[in-house]
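Take a look at the structure set out below.
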Amino acid sequence: MLINKIYISNLIKKRKSKLFIPALLSLALLGGTPGLSAAAEQIAPAEQESSFISAGLINREYIDTNTANHPLFVDPLADGNYLVSRVGFQDPSVQEIDPSGRVVWSLDGVQPVSAKRLPDGNTLVADSGAPGPPYAPRVLEVSPAGQVVWEHRFNSLAEAPRYAEKLANGNVLVTLPFMIVELDRQNRAVWSYGAGKPLSPDSAGYLEQPVLAAGLDNGNILVVDRGLAGGRILEINSSKQVVWQFGRQQAETESETEPEFLAAPSGACRLANGNTLVADPGTRRLLAIDAGGNITGKLDWTTVLRDYPVMNIWQTVPAEEKLLLVLTLTNSHSRILEVKTAAF
């Protein structure tokens, strides 16, 4: 197995701690729960056999033995570095690490559930504010020098953001519990989807457990709704209409042509060919889905994790020809695996 294995010595804080249980509990609060069986959505995909991603296709492996905090999210940068969001009760931070494992930039004093590097070099951080200091749920943009150039604070931990990214128009799209909101630079909500509270599955704006909302080139929004008993992927236009979706809702049906079950999707992206890549840690598969809701490719990464005693897969980051897996092992050590995949 050809692996570029790097121990992130600089990524691990000098203070070592045995408080790994609180750190893992904090991740459990942020990462959601695995999916369970649910009834089917209305889209029936074409049958497609799964292909297995070989363990030999692990391109890079970052080994992290810190048990006081853990990687939760990673943004792969164009220069090969990783922007890693680390959460926990001790020393949470955003850290940029190079391929050798050296920390080349960091931001302390945040509980980052996501961090995205912007084209101008600034960094956009979704700060959950929990479970430890600074207890301030917010989204902030910081300069390379660490100066806050924009910030939006939420009223309580019940509104803690789960993900944030900057749109082409300069506004910031934030994923909240039960709601997606677009904020302008004056901190005004100019667009939203969802009620900010639980709704019945047949309600307009129904979101069960959204974990990611991303802007598309056509101006629509791609949403990963992880769900509690099966997830789904939605494309929503500016008029708040669902124009495309894949997966299951909690709606009973006895249809024999059930669509593919998404147990607990955590990542998705739209490819240049119009297909949508969906990474589902619940079934350990990467799916390519076309505009008609048909599965055009499946890759199973079960064999990749064969030698890893995985406690939880926190985040999956699908891209054109690679997949990043952020996971914690049963010994409370963590890994970031970059897996090569065939182009869909």
Side-chain angles (χ1 to χ4, degrees), residues 1-14 16 27 53-88 91-108 110 112-125 142-146 163 165 266-267 269 271 277 279 281 286 299 301 303-308 310 312-329 331-343:
M1 178 167 63
L2 298 177
I3 303 176
N4 180 12
K5 184 176 291 187
I6 300 172
Y7 288 82
I8 318 176
S9 58
N10 289 326
L11 190 61
I12 302 172
K13 297 290 184 179
K14 293 182 180 180
K16 293 187 177 180
L27 282 169
I53 303 177
S54 168
L57 293 179
I58 298 178
N59 184 40
R60 291 161 65 179
E61 176 183 5
Y62 285 81
I63 300 175
D64 185 347
T65 60
N66 189 0
T67 59
N69 58 52
H70 298 268
L72 179 67
F73 184 87
V74 59
D75 180 26
L77 305 181
D79 60 2
N81 291 356
Y82 289 159
L83 192 64
V84 180
S85 300
R86 305 179 61 84
V87 300
D91 304 319
S93 64
V94 177
Q95 295 182 329
E96 181 182 347
I97 58 176
D98 68 14
S100 71
R102 184 172 60 98
V103 177
V104 298
W105 183 86
S106 65
L107 176 70
D108 298 326
V110 291
V113 289
S114 75
K116 300 284 290 184
R117 180 60 46 81
L118 304 177
D120 62 1
N122 287 354
T123 301
L124 185 69
V125 180
V142 299
S143 69
Y163 177 81
E165 74 166 47
S266 69
C269 68
L271 300 177
L277 277 187
L286 182 67
L299 290 177
W301 70 71
T303 55
V304 171
L305 301 180
R306 181 179 52 201
D307 299 325
Y308 295 89
V310 177
N312 209 319
I313 302 175
W314 301 115
Q315 185 56 257
T316 53
V317 182
E320 190 82 33
E321 293 188 7
K322 65 182 178 182
L323 172 70
L324 276 79
L325 304 174
V326 184
L327 51 98
T328 296
L329 309 182
N331 63 1
S332 107
H333 296 173
S334 298
R335 297 288 190 273
I336 299 174
L337 302 179
E338 181 179 313
V339 183
K340 291 181 180 179
T341 66

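Just so it is clear, the values below take in all heavy atoms, side chains as well, and ignore hydrogens, waters and symmetry mates.
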Point to revise | Side chain proximity check, Arg102 to Ile97, heavy atoms < 4.5 angstrom | key: no
Review point. Which atom pair, heavy atoms only, marks the closest approach of Pro318 to Leu286?
Key: CB-CD1, 3.8 Å
Review point. Got a second to check how far Leu323's CG is from Ile53's CD1, nearest 0.5 Å?
Key: 6.0 Å
Exercise for review: Indicate the atoms forming the closest heavy-atom contact of Ser100 with Asp98, along with that distance.
Suggested key: OG-OD1, 2.6 Å
Point to revise | 4.5 Å side-chain heavy-atom contact, Val339 and Trp301 | key: no
Exercise for review: Report yes if some heavy atom in the side chain of Pro76 is under 4.5 Å from a heavy atom in the side chain of Glu338; otherwise report no.
Suggested key: no
Check your understanding: Between Arg306 and Ala55, which heavy-atom pair has the shortest distance, and what is it?
Key -> NH2-CB, 4.3 Å
Check your understanding: Does any non-hydrogen side-chain atom of Val94 lie less than 4.5 Å from one of Val142?
Key -> no
Check your understanding: Are Leu337 and Tyr308 close enough that some pair of their side-chain heavy atoms sits under 4.5 Å apart?
Key -> yes
Exercise for review: Check the pair Asp91 / Asp108 against side-chain contact (heavy atoms from CB on, under 4.5 Å), numbers first and verdict last.
Suggested key: CA-CA 7 Å; Asp91 304 319; Asp108 298 326; over 6 Å; no
Practice item. With sequence neighbours left out, write down each residue that passes side-chain contact (heavy atoms from CB on, under 4.5 Å) with Lys340, or none if nothing qualifies. Key: Leu57, Asn59
Check your understanding: Do the side chain of Ser93 and the main chain of Gln95 share a donor and acceptor less than 3.5 angstrom apart?
Key -> no
Review point. If we ignore angles and hydrogens, is there a donor and acceptor under 3.5 Å between the side chains of Ser114 and Ser85?
Key: no
Revision key, fill the gap. Rounded to the nearest 0.5 Å, the CG atom of Leu327 sits from the CG atom of Leu72 at a distance of 12.0 Å
Exercise for review: Output the distance between atom CH2 (Trp314) and atom NE2 (His70), rounded to the nearest 0.5 Å.
Suggested key: 8.0 Å
Run the side-chain donor-acceptor check on residues 116-124: report pairs under 3.5 Å with partners two or more places apart or on a different chain.
{"from": "Arg117", "atom 1": "NE", "to": "Thr123", "atom 2": "OG1", "distance (Å)": "2.9"}
{"from": "Arg117", "atom 1": "NH1", "to": "Glu96", "atom 2": "OE1", "distance (Å)": "3.0"}
{"from": "Arg117", "atom 1": "NH2", "to": "Glu96", "atom 2": "OE1", "distance (Å)": "3.3"}
{"from": "Arg117", "atom 1": "NH2", "to": "Thr123", "atom 2": "OG1", "distance (Å)": "3.3"}
{"from": "Asp120", "atom 1": "OD1", "to": "Asn122", "atom 2": "N", "distance (Å)": "3.0"}
{"from": "Asn122", "atom 1": "ND2", "to": "Glu141", "atom 2": "OE2", "distance (Å)": "2.8"}

Check your understanding: Taking atom CG of Asn312 and atom OG of Ser332, what is their separation to the nearest 0.5 Å?
Key -> 13.0 Å
Practice item. Could you check if a side-chain atom of Ser334 sits within less than 4.5 angstrom of a side-chain atom of Leu329, using non-hydrogen atoms only? Key: no
Point to revise | Minimal non-hydrogen separation, Arg86 against Asp64, with atom names | key: NH1-OD2, 2.5 Å
Review point. Heavy-atom distance under 4.5 Å between the side chains of Glu320 and Leu271, does that happen here?
Key: yes
Review point. What pair of heavy atoms forms the shortest contact from Asn331 to Thr67, and how long is it?
Key: O-CG2, 4.4 Å
Review point. Is there a side-chain contact between Val87 and Phe73 (heavy atoms, below 4.5 Å)?
Key: no
Practice item. Drop me the distance from Ile336's CD1 to Ile63's CD1, to the nearest 0.5 angstrom. Key: 11.5 Å
Practice item. Identify the two heavy atoms, one from Pro281 and one from Thr316, that lie closest to each other, and give their separation to 0.1 Å. Key: CG-CG2, 3.6 Å
Point to revise | Those residues that, when tested against Glu165, pass side-chain contact (heavy atoms from CB on, under 4.5 Å) (two or more places apart) | key: Tyr163, Leu167, Ala214
